[in-house]
Amino acid sequence: MTPASSATPAAGPPVAPRTQQAPSAPGRLGEAIPAAELYDYLSRLEEWLRARRTELDRLDAAAQAAASPETYTADMLLAMTLWQAARTRADEMGVVWDSGRADAVGREKISQLVWGRLSSPDGSSLVSLVEATRLCDAIVSALRTRLSFDPNAADEVARFRGLRAELARCDELAGSDTTARGRVEKLRERWTRLRDKASNGADVTGPLTELEAEVARTERDLIVGASERRELARDRKQAVERYAALEAREPSLRELAARCRREIAAPPRLAVPDVSRLGEVPADRAGLDGFLTRLATVARAFDTVEASYSAPLRERAELRYRLDAYRVRADTNGRSVSPTVRSGLAEARAAGEAVPCDVVLLRFLVEQYQFLTRDLPAHLSSPAPGSSPVPGQEGSS
């Protein structure tokens, strides 16, 4: 149950849904949002979801009634998809919120749901909940203008005010991107010229409608672009970290390979990849994707090299341990007094201490010594030195 269910009457859709904008999200990723701020945000988000759904339904009906409904299909589908993704994420937050019983850990999880990327498989996973709501607002604004569905469309003052707010958001989204800032600045110049013409009494209805659609498209593009840049920065950071980890791993693998070649006869013949040959981490998406693929290939090659060169060294150590265990058994069951057994032990030890060590030969000699030190049947066993004579033979001569 979300907080809005107790704070907002359920009597019907909100008034004037066409002018309601998505609420500003509190906190930031990774921190526990204060309960009061979170309650207010979830309440206003619930109101926005109901209002936006009402307007989307009305816009959809108007688009179906238009002369060319197919021209609105793509935007309507995208707006509906974003709304549904936001609705699903709001439901997830409502479960964690648990009518206000969420503790600090729960409120931190809600901040991840607010600021983290959506998990929808329909393409909206590219953006966060905050970006999805803003993008939905921008698309709805463009549809409203194209369909002349806004009852305030005749109020040029309100339309200029709305455009100014959208341009301010575009400025924020553009950040330090020179190209994006130039695009926003051109739109702002057009807004200024139209406002001046309107102030002088000129009819700017047509140009103003075109500008509204262009600003809405620009905001949509900037939201998606900002998300893509953040994803690119995150992936590049991961690539740098993986590259550094592979570089740090390379010397130990080279040392392992050298040791195996030095101590083992017939070692594997695998080369250790040179990480530096991958070059610098690219800054563009296509180059970075290819670089990440090559990093994964090198990582798999490192795993193969490590497994191949470690295997004979581990087997040699295991065979030495088994040889000692069999020697202890031979001492226990009396087989160590046999010259054959002692000779087998000496031969196996010599093979295990040889450099380079023939692991195949050592394995054979250890298995042979295992056979020699096996427990013999009782009737074949001879008394150990110092043991009592067999009963019934004490007085025989």
Side-chain angles (χ1 to χ4, degrees), residues 17-25 45 48-49 51-53 55-56 58-60 62-63 66 69-89 114-118 120 122-150 153 159-191 207-232 285:
R18 291 174 293 279
T19 60
Q20 185 165 342
Q21 297 295 311
S24 299
L45 178 63
W48 177 85
L49 285 166
R52 182 58 67 234
R53 180 65 199 203
E55 184 170 12
L56 283 171
R58 298 177 65 184
L59 285 170
D60 186 49
E70 66 279 358
T71 61
Y72 306 102
T73 301
D75 284 345
M76 281 300 307
L77 179 61
L78 179 57
M80 288 287 192
T81 299
L82 292 168
W83 181 89
Q84 184 58 55
R87 173 72 273 172
T88 302
R89 181 54 59 89
V114 172
W115 295 101
R117 293 198 306 173
L118 297 174
S120 173
D122 51 24
S124 56
S125 58
L126 184 64
V127 297
S128 66
L129 172 65
V130 178
E131 293 166 334
T133 56
R134 293 177 62 178
L135 182 54
C136 186
D137 281 344
I139 297 172
V140 166
S141 177
L143 284 168
R144 187 190 306 137
T145 301
R146 291 171 61 193
L147 291 165
S148 298
F149 199 66
D150 192 345
R159 295 172 70 184
F160 276 112
R161 187 184 301 116
L163 275 174
R164 182 173 59 188
E166 288 186 64
L167 288 170
R169 294 196 298 269
C170 289
D171 263 334
E172 180 183 349
L173 290 168
S176 58
D177 188 336
T178 306
T179 303
R181 294 194 69 84
R183 181 178 176 184
V184 175
E185 189 57 36
K186 289 181 180 179
L187 292 173
R188 194 183 301 280
E189 291 174 359
R190 288 173 58 185
W191 179 87
L208 184 58
T209 300
E210 294 177 1
L211 181 59
E212 285 172 329
E214 181 64 26
V215 171
R217 282 195 299 270
T218 300
E219 185 176 11
R220 179 188 62 188
D221 294 344
L222 290 175
I223 290 173
V224 175
S227 179
E228 289 175 342
R229 286 194 299 273
R230 281 197 303 274
E231 186 177 6
L232 177 62
R285 169 51 64 185

Taking every heavy atom of Arg89 against every heavy atom of Gly116, the minimum-distance pair comes out as NH1-O, 3.8 Å
Heavy atoms of Pro23 and Trp48 approach each other most closely as CD-CB, 3.9 Å
Residues two or more places apart in sequence or in another chain: which of them pass salt bridge (Lys or Arg N to Asp or Glu O under 4.0 Å) with Asp60?
none
How long is the straight-line distance from CD1 of Ile223 back to SG of Cys170, given to the nearest 0.5 Å?
8.0 Å
Arg285: which residues meet the side chain to side chain donor-acceptor pair (under 3.5 Å) condition with it, sequence neighbours left out?
Asp235, Asp289
Rounded to the nearest 0.5 Å, what separation is found between the CG atom of Leu222 and the CD atom of Glu228?
11.0 Å
Separation between CG of Asp75 and CG of Leu143, rounded to the nearest 0.5 Å:
5.0 Å
In Å, rounded to the nearest 0.5 Å, how long is the span from CE of Met80 to CG of Leu56?
5.0 Å
What residues form a side chain to side chain donor-acceptor pair (under 3.5 Å) with Arg188, not counting sequence neighbours?
Asp171
What residues form a salt bridge (Lys or Arg N to Asp or Glu O under 4.0 Å) with Asp177, not counting sequence neighbours?
Arg229
Could you list the residues that satisfy side-chain contact (heavy atoms from CB on, under 4.5 Å) with Ala138, not counting sequence neighbours?
Glu219
Testing the basics here: between Pro69 and Ala63, what is the closest heavy-atom pair and its distance to 0.1 Å?
CB-O, 3.1 Å
Pairwise distance CZ(Arg134) to CG(Leu129) - rounded to 0.5 angstrom:
12.0 Å
My understanding is that only residues two or more places apart in sequence, or in another chain, count here; which of them pass side-chain contact (heavy atoms from CB on, under 4.5 Å) with Trp191?
Phe160, Leu163, Arg164, Leu167, Arg195, Leu211
Could you walk me through whether Glu212 and Arg217 pass the side chain to side chain contact (heavy atoms under 4.5 Å, CB included) test, one step at a time?
CA-CA 9 Å; Glu212 285 172 329; Arg217 282 195 299 270; over 6 Å; no
So does Arg52 pair up with Glu55, basic N to acidic O under 4.0 Å?
yes
With sequence neighbours excluded, what pairs up with Arg183 under the side-chain contact (heavy atoms from CB on, under 4.5 Å) test?
Glu214, Thr218, Asp221
Test side chain to side chain contact (heavy atoms under 4.5 Å, CB included) on Leu78 and Arg220; report intermediate values, then the result.
CA-CA 11 Å; Leu78 179 57; Arg220 179 188 62 188; 4.1 Å; yes
Could I get the full list of side chain to side chain donor-acceptor pair (under 3.5 Å) partners for Thr209, not counting sequence neighbours?
Arg159
Of all heavy-atom pairs linking Arg181 and Ala174, the shortest is CG-CB, 3.7 Å
Does Asp137 reach the main-chain N or O of Gln21 with its side chain, forming a donor-acceptor pair under 3.5 Å?
no
Examine distances only and state if a side-chain atom of Thr133 and a backbone atom of Val130 form a donor-acceptor pair shorter than 3.5 Å.
yes
Inter-residue atom distance Leu49.CG - Gln84.CD, 0.5 Å rounding:
9.5 Å
